[in-house]
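All values below come from the heavy atoms of this structure, side chains included, with hydrogens, waters and symmetry mates left out. In what follows, every chain begins at residue 1, and chains take the letters A, B, ... in the order their sequences are listed.
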Amino acid sequence: MNAVRTFVFLDLEATGLPMDAPKITEICLIAVHVSSLYETGKGQLPRIMDKLCLCVDPEKPLTEKASNMTGLSNENLTNNEKQEFNANLIQAIGGFLKRQAKPICLVAHNGFSYHFALLKTEIYQLNVDFPDETLCLDSLHTFRKLDTSTPKLGSALTEIYKGYFGKEPPNSHTAEGDALALISVFICEARRILEVAKYKTWEEIRPMNTKRDIY
DNA sequence: TGCCAGGCCCTCTTTAGGGCCTT
């Protein structure tokens with residue numbers, strides 16, 4: 001396997017958790033070249049980042065908790081005339097990824113069980129898919145593999161961030177805010193993370209359980 | 001009618017159960 005040249009940090013906001021058969025309400029992809037991961041100091045963000053952030057009409061009600069947490073609602077998404085998860089969005093993501101140096105690795109916190117799985121479910125419903133050679137890395141699993149004795153870290157993204165920076169991550173529970181927080185902590189441990197990283201291919205990602213009616 | 005994820009990790013484990021993490 002060729003060494004990853006671009007890490008694309010992914011965060012989704014959605015109508016709920018997997019038991020709610022969620023639909024995406026916001027997606028953010030931030031692409032960072034591997035050289036920037038090594039050259040950026042702790043507490044700084046890379047100067048060169050490509051960002052794609054899109055709000056999405058989920059076409060189903062948000063749970064109250066999800067709406068309160070994210071600040072997104074069916075009302076404000078509709079009032080802003082956001083489109084559903086459709087071919088335009090897939091085309092935008094596809095074009096964004098094509099601009100990045102390959103191989104590409106998507107990174108998300110709890111990605112294997114949530115973000116990648118949900119994104120794959122939504123993409124499948126449009127009868128399209130990402131290239132199978134796209135790699136995926138779950139930062140939740142990866143951080144748990146690290147020796148976190150100093151500082152003592154929880155494994156939630158906010159806890160990991162507080163462990164390194166001693167404060168709450170800014171703009172938490174917005175897709176861009178969480179993606180940037182993930183980049184910040186990833187940079188703190190980039191070399192160690194890449195030593196223990198266990199990648200999956202996009203093909204290996206299991207879609208989120210869809211046995212319940214999602215419409 | 002009721003339906004309530006799932007992969008990973010830890011331990012009071014391995015013939016299992018429970019908690020974490022994501023909105």
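- Look at CG on D138(A): it is 10 Å from P on dC9(B), rounded to the nearest Å.
- The pair E189(A)-R192(A) counts as a salt bridge, with a side-chain nitrogen and a carboxylate oxygen less than 4.0 angstrom apart.
- For E122(A), the salt bridge (charged side-chain N to carboxylate O under 4.0 Å, His left out) criterion is met by K23(A), not counting sequence neighbours.
- Taking atom CD1 on I205(A) and atom C1' on dA5(B), their separation rounds to 15 Å, with Å as the unit.
- The nearest whole Å value for the distance from the NZ atom in K198(A) to the P atom in dG7(B) is 12 Å.
- For the P atoms, the distance linking dT1(B) with dG7(B) amounts to 31 Å, nearest Å.
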Scan nucleotides 18-23 of chain B nucleotide by nucleotide, 5' to 3', and note B when protein non-hydrogen atoms come under 4.0 Å of the base, S if they reach only the sugar-phosphate, - if neither.
--BBBB
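- Separating the P atom of dT13(B) from that of dG17(B) is a span of 12 Å, rounded to the nearest Å.
- With a 4.5 Å cut-off on side-chain heavy atoms, I123(A) and W202(A) count as touching.
- Between L135(A) and L106(A) there is no side-chain heavy-atom pair separated by less than 4.5 Å.
- Contacts between residues 72-88 of chain A and DNA chain B, defined by a heavy-atom separation below 4.0 Å, involve no residue at all.
- Pairs passing the side-chain hydrogen bond (donor to acceptor under 3.5 Å, both in side chains) check and including a residue from residues 61-75 of chain A, sequence neighbours excluded, read S73(A)-N76(A).
- Within 6.0 Å of the CD atom in E84(A), the count of heavy atoms belonging to other residues, nucleotides or ligands exceeds 12.
- On the P atoms, dG2(B) is 29 Å away from dC20(B), given to the nearest whole Å.
- For the side-chain contact (heavy atoms from CB on, under 4.5 Å) criterion with L10(A), the lone passing option out of L119(A), I30(A), D178(A), V107(A) is L119(A).
- One P atom belongs to dA16(B), the other to dT23(B), and the distance between them is 32 Å to the nearest Å.
- For residues 9-59 of chain A, the ring-ring contact (aromatic ring centres under 6.0 Å, His included) pairs, not counting sequence neighbours, are F9(A)-F186(A).
- Going from the C1' atom of dC3(B) to that of dC8(B) covers 25 Å, rounded to whole Å.
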Distance-only donor-acceptor pairs under 3.5 Å for side chains of residues 92-105 of chain A, two or more places apart:
unit_1: Q100(A); atom_1: NE2; unit_2: D50(A); atom_2: OD2; d: 3.1
unit_1: Q100(A); atom_1: NE2; unit_2: F96(A); atom_2: O; d: 3.1
unit_1: K102(A); atom_1: NZ; unit_2: L97(A); atom_2: O; d: 3.4
unit_1: K102(A); atom_1: NZ; unit_2: K98(A); atom_2: O; d: 3.4
unit_1: K102(A); atom_1: NZ; unit_2: Q100(A); atom_2: O; d: 3.1

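- Comparing the P positions of dG18(B) and dC12(B) gives a spacing of 15 Å, expressed to the nearest Å.
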